[in-house]
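Working notes, beginning with the structure itself.
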Amino acid sequence: MSAGADGGGGPAVAARSGDGSPGEDGFVPSALGTREHWDAVYERELRTFREYGDTGEIWFGEESMNRLIRWLQKRKIPLDASVLDIGTGNGVFLVELAKFGFSNITGIDYSPSAIQLSGSITEKEGFSNIKLKVEDFLNLSTQLSGFHICIDKGTFDAISLNPDSATEKRKQYVKSLSRVLKVKGFFLITSCNWTKEELLNEFSEGFELFEELPTPKFSFGGRSGNSVAALVFQKM
């Protein structure tokens, strides 16, 4: 998934308006929620990397990565804790985790081109120990389980825009998350489509809010708010 700046959008900015035909959750279905879209994006980014060495966009901007890594450090998460990056894209966040010393990290994406791209980037950066797998998070293989930390920067947003049964796909996402995450494990999610209150509702079954992370604020028309929500849940 491609990304915008931390305070100004993200990989799949949803439309909630009277235009189009919004689903029951209020989102207008979009190609941003389809595998075909992201396959095309990463095929293009893979060609660009091979030709020019350009790694592509950072989901939600560099600050979003730093925010999550600061939290991991503040909570003294062991460097050998198992970490899963859900919808890893170009794998740049995995590289940053490895640079900070995390040694048991896995990135998954349903786009084979994304995994090829992230593999090329992690190899170039010298982190051959990073595990990468082509996996559809909504239809996981049995090998994925037992993670201490799961991280999502934009994947849940994209699923919410799927033109085909987005509500059911969100429910399956929560089931998959519950399956791969250890009890008392942490789930860190960054979203530009969902508010804190909405995310609390989406992940109310089996998870509880552990911490809200600070994100950039905006002001408009005398009102202020956050354009990005970043929450930490703990599996109960």
Side-chain angles (χ1 to χ4, degrees), residues 1-4 6 9-14 27 30-46 55-62 64-65 67-69 82-97 105-122 130-141 143-145 147 149-162 164 166 169-181 185-194 199 202-203 228-233:
M1 302 169 194
S2 63
D6 195 19
V13 181
F27 293 124
S30 167
L32 291 168
T34 66
R35 181 181 305 199
E36 292 78 12
H37 172 81
W38 295 111
D39 279 340
V41 166
Y42 286 117
E43 286 169 8
R44 183 171 62 250
E45 291 196 2
L46 181 60
T55 58
E57 298 282 352
I58 298 173
W59 301 3
F60 292 101
E62 189 171 339
S64 67
M65 296 193 302
R67 179 192 304 125
L68 299 178
I69 291 172
S82 53
V83 180
L84 177 66
D85 188 24
I86 302 167
T88 197
N90 59 16
V92 170
F93 183 57
L94 299 177
V95 170
E96 290 304 305
L97 287 171
I105 48 183
T106 300
I108 62 170
D109 204 293
Y110 64 11
S111 170
S113 294
I115 294 302
Q116 289 182 54
L117 175 60
S118 55
S120 298
I121 291 172
T122 55
I130 292 175
K131 295 180 282 291
L132 297 164
K133 297 181 180 180
V134 178
E135 286 274 4
D136 180 353
F137 195 66
L138 304 185
N139 187 27
L140 289 173
S141 63
Q143 293 93 337
L144 279 182
S145 63
F147 287 92
I149 305 287
C150 289
I151 295 172
D152 181 324
K153 294 199 296 99
T155 298
F156 188 72
D157 281 355
I159 288 171
S160 304
L161 301 180
N162 193 288
D164 182 24
K169 285 178 167 58
R170 297 202 315 271
K171 291 178 181 178
Q172 182 57 49
Y173 181 103
V174 177
K175 291 179 182 177
S176 295
L177 179 64
S178 184
R179 196 186 111 193
V180 300
L181 189 61
F186 294 107
F187 171 54
L188 287 68
I189 181 169
T190 303
S191 171
C192 62
N193 287 354
W194 299 89
L199 289 172
E202 290 291 316
F203 294 93
V228 174
L231 304 180
V232 180
F233 289 92

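- Using a 4.5 Å cut-off on side-chain heavy atoms (C-beta onward), E96 and L68 make no contact.
- Looking at S160, its side chain does come within 3.5 Å of a backbone N or O of F156 through a donor-acceptor pair.
- Nearest heavy-atom pair, G89 versus S118, reported as atom, atom and distance to 0.1 Å: O-CB, 3.7 Å.
- Between the CG atom in L181 and the CZ atom in F186 there is a gap of 9.5 Å [rounded to 0.5 Å].
- With hydrogens and angles disregarded, a donor-acceptor distance shorter than 3.5 Å links the side chain of D152 to the backbone of G154.
- What you find for K133 and L144 is that their closest heavy atoms are NZ-CD2, 4.2 Å.
- The aromatic rings of F203 and Y173 sit perpendicular, their planes meeting at an angle over 60°, well past the 30° parallel limit.
- The salt bridge (Lys or Arg N to Asp or Glu O under 4.0 Å) search around K171 returns E168, not counting sequence neighbours.
- At a threshold of 4.5 Å between non-hydrogen side-chain atoms, the residues L132 and L94 count as touching.
- Two residues are said to be in side-chain contact when any heavy atoms from C-beta on lie closer than 4.5 Å; V180 and I86 fail this criterion.
- Considering CD1 of I69 and OG of S64, their distance stands at 9.5 Å, rounded to 0.5 Å.
- Within the 4.5 Å cutoff, the side chain of F187 has heavy atoms near those of the L177 side chain.
- When all heavy atoms of S176 and L140 are compared, the pair lying nearest together is CB-CD1, 3.9 Å.
- With sequence neighbours left out, the ring-ring contact (aromatic ring centres under 6.0 Å, His included) criterion links F147 to no other residue.
- Two residues are said to be in side-chain contact when any heavy atoms from C-beta on lie closer than 4.5 Å; E202 and V174 fail this criterion.
- The shortest non-hydrogen separation linking S113 to E43 is OG-CG, 3.1 Å.
- Scanning all heavy atoms of the two residues, the minimum distance from I151 to I149 falls at CG1-CG2, 3.9 Å.
- Taking OH from Y110 and CD1 from I159, the interatomic distance works out to 7.5 Å, rounded to the nearest 0.5 Å.
- More than 12 heavy-atom neighbours from other residues, nucleotides or ligands sit within 6.0 angstrom of NZ on K131.
- No side-chain donor-acceptor contact under 3.5 Å links T88 and D109.
- A donor-acceptor contact shorter than 3.5 Å links the side chain of K169 to the backbone of D164.
- Between atom CG of residue N90 and atom CD1 of residue I115 there is a gap of 10.5 Å, rounded to the nearest 0.5 Å.
- No side-chain heavy atom of I105 sits under 4.5 Å from any side-chain heavy atom of D85.
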